[in-house]
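Inspection log for the structure reproduced underneath, given as structure tokens.
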Amino acid sequence: EVQLQAYGGGLVQAGGYLRLSCAAPAGFNFDKYAIGWFRQAPGKEREAVSCISSIDGSTYYAESVKGRFATSSDNTGNTDTVYLQMNSLKTEDTAVYHCAVTIPLCVDPRPAEYAFWGQGTQVTVSS
């Protein structure tokens, strides 16, 4: 079963930055997919953060992260990787961040439209 693993979380002060990575597992590539980033804070529902389509490069950002977060993809090497650059972090960005895929564009941000969920990475922003 394919599962996408998110990497790069950690503890950072408010105003700081982190870059998360989501690498395609061996034998899998992102060519036909859009890759979404989601987060889930304790006691809250999982919410969409951003998405990037491998088909046309189109992106989606939640209003709460626009202007602070940027997603990009690198399909030039042996392993397709999608990144989430998170700048100007706020305490409310604290959550477990996951990546998952949908086909083929970033149209519907609902988590139910995405697959291949794996273990997320914890991002903690301190005040």
Non-hydrogen side-chain atoms of Leu11 and Gln122 separated by less than 4.5 Å: no
Heavy-atom side-chain proximity of Tyr61 to Ile52 below 4.5 angstrom: no
Counting only pairs under 3.5 Å, give me each side-chain donor-acceptor contact of residues 16-38, with atom names and distances, residues two or more places apart or in other chains.
{"from": "Asn29", "atom 1": "OD1", "to": "Asp31", "atom 2": "N", "distance (Å)": "3.0"}

Interatomic distance, Tyr60 atom OH to Asp108 atom CG [nearest 0.5 angstrom]: 9.5 Å
Hphob cluster co-occupancy, Ile103 + Ile55, side-chain heavy atoms under 4.5 angstrom: no
Student check: side-chain heavy atoms of Asn75 and Ser54 closer than 4.5 Å: yes
Pairwise distance CD(Gln85) to CZ(Arg68) - rounded to 0.5 angstrom: 12.0 Å
Pairwise disulfide bond (SG atoms under 2.5 Å apart) hits with a residue in residues 33-94, at least two apart: Cys51-Cys106
Heavy-atom pair of closest approach, residues His98 and Val96: NE2-CG1, 3.5 Å
Donor-acceptor contact present, side-chain Gln5 to main-chain Gln119, <3.5 Å: yes
Heavy-atom donor-acceptor pair, Thr71 side chain to Val82 backbone, under 3.5 Å: no
Same apolar cluster: Phe69 and Val12, side chain cutoff 4.5 Å: yes
Tyr83 with Leu4, same ILVMFWY side-chain cluster at under 4.5 Å: no
Distance-minimising heavy-atom pair for Ala41 and Ala95: N-CB, 3.8 Å
Heavy atoms from other residues, nucleotides or ligands near CD of Gln13 exceed 12 (cutoff 6.0 Å): no
Minimum heavy-atom distance between Gly9 and Thr121, given as atom pair plus value: N-OG1, 2.9 Å
Separation between OG1 of Thr102 and CZ of Phe116, rounded to the nearest 0.5 Å: 10.5 Å
Pairwise distance CE(Met86) to OH(Tyr97) - rounded to 0.5 angstrom: 5.0 Å
Arg46 side, atom CZ; Arg39 side, atom CZ - distance, nearest 0.5 Å: 13.0 Å
Heavy-atom pair of closest approach, residues Ala48 and Ala62: O-CB, 3.5 Å
